[in-house]
K.L.:
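Quick one: the structure is below, questions incoming.
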Amino acid sequence: MTVKVNRSVSSFGVSQDKHKGSVQIVDECELKIPPVVPKSVADMWESLSPDVRAILVASELKRNTQQQQFDRSDSCTAPTAMSPSSSLTVSSDQTSSLGGSTNDDGDDVEQVARKHEKCPVSGADVSLTPLERAPENVFAFTKTHATERTDVVKTPAATITTTTKVVSTSRGWRNIFSLPISYDVNMVAHGTLFDPINPQLLDATGVHPEGYNTRFAVVDSAIDALYGEKIRGYFRAKGVELTTCVIDGGEADKRPKAVDAILDELCAYKLRRREPFLAIGGGCVLDIAGMAACLYRRGVPFVRVPTTLLAIVDASVGVKNGVDYCCQKTEESYKNRIGSFYAPSACLLDPGFISSQDARNISNGLGEVLKLALVRSSDLFELLEAHGRALVETRFEDESLKQSGVSGRIIDLSIQIMLEELGPNLWESKLDRCVDYGHTFSKLLEMVPGADVMHGEAVNVDGFFCVVLSYLRGYIDMGMVRRIFNCMKMLNLPTNSPDLNLELAWQSCKDAIEHRHGEQRIPLITEIGESICVSDITKEELIRALDMMAKFEHSCELY
């Protein structure tokens, strides 16, 4: 901070109150100062906040005591006055608090931290001043924006150039708040979640006052058929009455009306503001319930209990919720077009649910696991390559694989990779995301009317198409293409679809540009476990890739 003082003209006298430790304006005649104060200077002083005035006065007191005594010819001990030409200059790189200074009595003088920055959109110079009661969050700002226009007029006699500079200012306030996000992804001992001996499920529903013995759960209809009585029995054993909202968990049911159904039940139940409810089911149910949790009372806690392999390694891990949406104007359906970023209060992952799924659903979940292996982990890929077929055939119940830790290692690695990628980028401020691998062309594949394709299957078709694109660009060789293709076949995942044609592929690229803010940002692998995002895929490349796709044998074996 620099205070510039011109003592040739003085206007305001100041003195220190020894008892209160404050700085006060004093009568000008005590200092033999001319009583006339220009109105512009008075207005300027009045416009300054008390904090800024304190800074100016404190600086005068500290820096100029000796000079003041030299200048005064009488016995007055009042400090020198601030002059009308005094000014405060804060350097543009000053971003931390100016606190910590004291006045002559050793008392702390609160100082104002001012930040200066450039607006990334308009280029305006922005000055930010924290407000006293919320200095970490709320700032008063002034924006100064300078524009310059040059007009050139040519005449037979001369060329006249006129430059016009316009400086505009605006003011307002900025609120800055970083939302604290913390949620635990808990592994549960295999098959014990609904055992009354295990307290994890009840504990996840929060701490309630004595005598509050009701809970609320959204349950997938398929899970209710398999485990409904066991879930209710668990809470009966705990002395708790469970209210359930049972919804269908198919992709066709992932619509706004399903959210409305949950909201109706929450209103009837009268869920308290800080009371977590349970969401038990596959990925679709978790997405729908998360959307309802985000909307009800502008956000209530909810606990994810995934019951499919796909949900365990994908839907349960991040903070995305949402539903598919049919636009009344275009009459088109859009996958996950309506949604939110809203974190669960906790996740409970019990791998015992996996064995209740059929082989196709196991393969479907492994489609997302293989995606992660291709872009992030050669170790995970090698585990799938070596043991994938046995995992599908035994539904993760092969005793030798369980005893050796292979089954658990595959699940743990998948969850850790997802968290490592999502954790620093929960709100997707960075749109170049390797976990978007397999999620460019699959979205439209899943939305084809009548298409018999599950999410992980569509991701794998997309993933192999991107493998071919990588090969055509020279990122990988044919040996690697065949190795990946063979692994996909061992996992019994589809590698092509009759609906994957040029029209759908090119529309997917255009949709990617919209979804990823102006660029395709399509992840392609450069080797197993490594990837890059590209934004220049052409229609000609798509044609060549589709032609090459047709040369592979794309049958599935187990179903």
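The figures here come from the full heavy-atom set of this structure, side chains too, leaving out hydrogens, waters and symmetry mates.
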K.L.:
Can you classify the ring geometry of Phe441 versus Phe465 as parallel (below 30°), tilted (30 to 60°) or perpendicular (above 60°)?
P.N.:
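Taking Phe465 first and then Phe441, their aromatic rings stand perpendicular (interplane angle over 60°).
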K.L.:
Can you establish whether the number of heavy atoms outside Arg482 located under 6.0 Å from its atom CZ is more than 12?
P.N.:
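No - once you tally the heavy atoms of other residues, nucleotides and ligands closer than 6.0 Å, there are 12 at most.
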K.L.:
Pairs under 3.5 angstrom only: tabulate donor-acceptor contacts from the side chains of residues 275-302 to other protein residues two or more places apart or in another chain.
P.N.:
from   : atom 1 : to     : atom 2 : distance (Å)
Glu275 : OE1    : Tyr212 : OH     : 2.6
Glu275 : OE1    : Arg272 : N      : 3.3
Glu275 : OE2    : Tyr212 : OH     : 3.3
Glu275 : OE2    : Tyr269 : OH     : 2.8
Asp287 : OD2    : Lys254 : NZ     : 2.8
Tyr296 : OH     : Leu266 : O      : 3.3
Arg297 : NE     : Leu271 : O      : 3.4

K.L.:
Checking the side chain of Glu368 only, and the main-chain atoms of Val313 only, is there a donor and an acceptor separated by less than 3.5 Å?
P.N.:
no
K.L.:
How far apart are the C-alpha atoms of Glu428 and His517, what are their side-chain angles, what is the distance that settles it, and do they pass the side-chain hydrogen bond (donor to acceptor under 3.5 Å, both in side chains) test?
P.N.:
CA-CA 11 Å; Glu428 297 182 7; His517 199 64; over 6 Å; no
K.L.:
Kindly say whether Pro494 contributes a backbone atom to a donor-acceptor pair with the side chain of Asn460 at under 3.5 angstrom?
P.N.:
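Pair found, side chain donor or acceptor close to backbone of Pro494.
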K.L.:
Look at the side chain of Tyr325 and the backbone N and O of Pro256, then say whether any donor-acceptor pair between them is shorter than 3.5 Å.
P.N.:
no
K.L.:
Please check this pair: side chain of Arg521 against backbone of Arg516, looking for a donor-acceptor N/O pair closer than 3.5 Å.
P.N.:
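Side chain of Arg521 to backbone of Arg516, a donor-acceptor pair under 3.5 Å: yes, one is there.
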K.L.:
Does the pair Asp536 and Arg473 meet the rule for a salt bridge (charged side-chain N to carboxylate O under 4.0 Å, His left out), with working shown?
P.N.:
CA-CA 11 Å; Asp536 57 349; Arg473 287 196 164 208; 2.7 Å; yes
K.L.:
Quick one: side-chain hydrogen bond (donor to acceptor under 3.5 Å, both in side chains) pairs with a partner in residues 499-510, sequence neighbours left out?
P.N.:
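Every pair satisfying side-chain hydrogen bond (donor to acceptor under 3.5 Å, both in side chains) with a residue in residues 499-510: Gln507-Asp511.
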K.L.:
Check the surroundings of atom CZ in Phe381: do more than 12 heavy atoms from other residues, nucleotides or ligands lie under 6.0 Å from it?
P.N.:
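More than 12 within 6.0 Å, yes.
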K.L.:
Between Asn496 and Phe552, is any pair of side-chain heavy atoms under 4.5 Å apart?
P.N.:
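They are not in contact (no side-chain heavy atoms under 4.5 Å apart), so the answer is no.
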K.L.:
Could you tell me whether the side chain of Leu472 reaches within less than 4.5 Å of the side chain of Glu541, counting heavy atoms only?
P.N.:
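SC-SC contact between Glu541 and Leu472 ruled out.
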K.L.:
Hey, is the main chain of Glu457 close enough, under 3.5 Å, to the side chain of Asn364 for a donor-acceptor pair?
P.N.:
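Here the side-chain-to-backbone pair exists.
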K.L.:
With distance as the sole test, does Asp350 use its side chain to make a donor-acceptor pair with the main-chain N or O of Gly191 at under 3.5 Å?
P.N.:
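Yes, because the side chain of Asp350 sits within donor-acceptor range (under 3.5 Å) of the backbone of Gly191.
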K.L.:
Without swapping roles, check the side chain of His387 against the backbone of Leu401 for a donor-acceptor pair under 3.5 Å.
P.N.:
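No; judged by distance alone, with no hydrogens or angles, the pair does not exist.
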K.L.:
Would you verify whether the NZ or CZ of Lys238 falls within 45 degrees of the ring axis of Tyr234 while also being under 6.0 Å from that six-membered ring's centre?
P.N.:
yes
K.L.:
If the condition is ring pair (Phe, Tyr, Trp, His ring centres under 6.0 Å), which residues does Tyr227 pass it with, not counting sequence neighbours?
P.N.:
Phe194, Phe353
K.L.:
With sequence neighbours left out, write down each residue that passes side chain to side chain contact (heavy atoms under 4.5 Å, CB included) with Asn425, or none if nothing qualifies.
P.N.:
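Checked Asn425 against side chain to side chain contact (heavy atoms under 4.5 Å, CB included); matches are Ser429, Lys430, Arg433.
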K.L.:
Could you state the interatomic distance from CG (Asp314) to NZ (Lys320), rounded to the nearest 0.5 Å?
P.N.:
9.0 Å
K.L.:
Does Ser470 use its side chain to pair, donor to acceptor, with the backbone of Tyr475 at less than 3.5 Å?
P.N.:
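Side chain of Ser470 to backbone of Tyr475, a donor-acceptor pair under 3.5 Å: no, none is there.
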K.L.:
What residues form a side-chain hydrogen bond (donor to acceptor under 3.5 Å, both in side chains) with Thr243, not counting sequence neighbours?
P.N.:
none
K.L.:
What are the two closest heavy atoms between Glu446 and Val453, and how far apart are they?
P.N.:
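Taking every non-hydrogen atom into account, CA-CG1, 4.1 Å.
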K.L.:
Does the plane of the ring in Phe464 sit parallel, tilted or perpendicular to the ring in His554? Use 30° and 60° as the thresholds.
P.N.:
perpendicular
K.L.:
Assess whether side-chain contact (heavy atoms from CB on, under 4.5 Å) is satisfied between Arg255 and Ser333, documenting all intermediate values.
P.N.:
CA-CA 10 Å; Arg255 300 286 179 166; Ser333 292; 3.5 Å; yes
K.L.:
Does a donor on one side chain sit under 3.5 Å from an acceptor on the other, for Asn492 and Ser363?
P.N.:
no
K.L.:
Just jot down the side-chain hydrogen bond (donor to acceptor under 3.5 Å, both in side chains) partners of Arg232, sequence neighbours excluded, or say none.
P.N.:
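side-chain hydrogen bond (donor to acceptor under 3.5 Å, both in side chains) check on Arg232 returns Asp224, Thr244.
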K.L.:
Should we say atom CD1 of Ile197 is surrounded by more than 12 heavy atoms from elsewhere, each under 6.0 Å from it?
P.N.:
no
K.L.:
Could you state the interatomic distance from OG (Ser407) to CG (Asp412), rounded to the nearest 0.5 Å?
P.N.:
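If I round to the nearest 0.5 Å, the distance is 10.5 Å.
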K.L.:
Would you say Asp462's side chain and Ala458's backbone share a donor-acceptor pair under 3.5 angstrom?
P.N.:
no
K.L.:
Quick check against the 3.5 Å criterion: does Thr192 have a side-chain atom that pairs as donor or acceptor with the backbone of Ala189?
P.N.:
yes
K.L.:
Using a cut-off of 6.0 Å, state whether more than 12 heavy atoms not belonging to Arg409 lie near its atom CZ.
P.N.:
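Atom CZ in Arg409 is not crowded, with 12 or fewer foreign heavy atoms closer than 6.0 Å.
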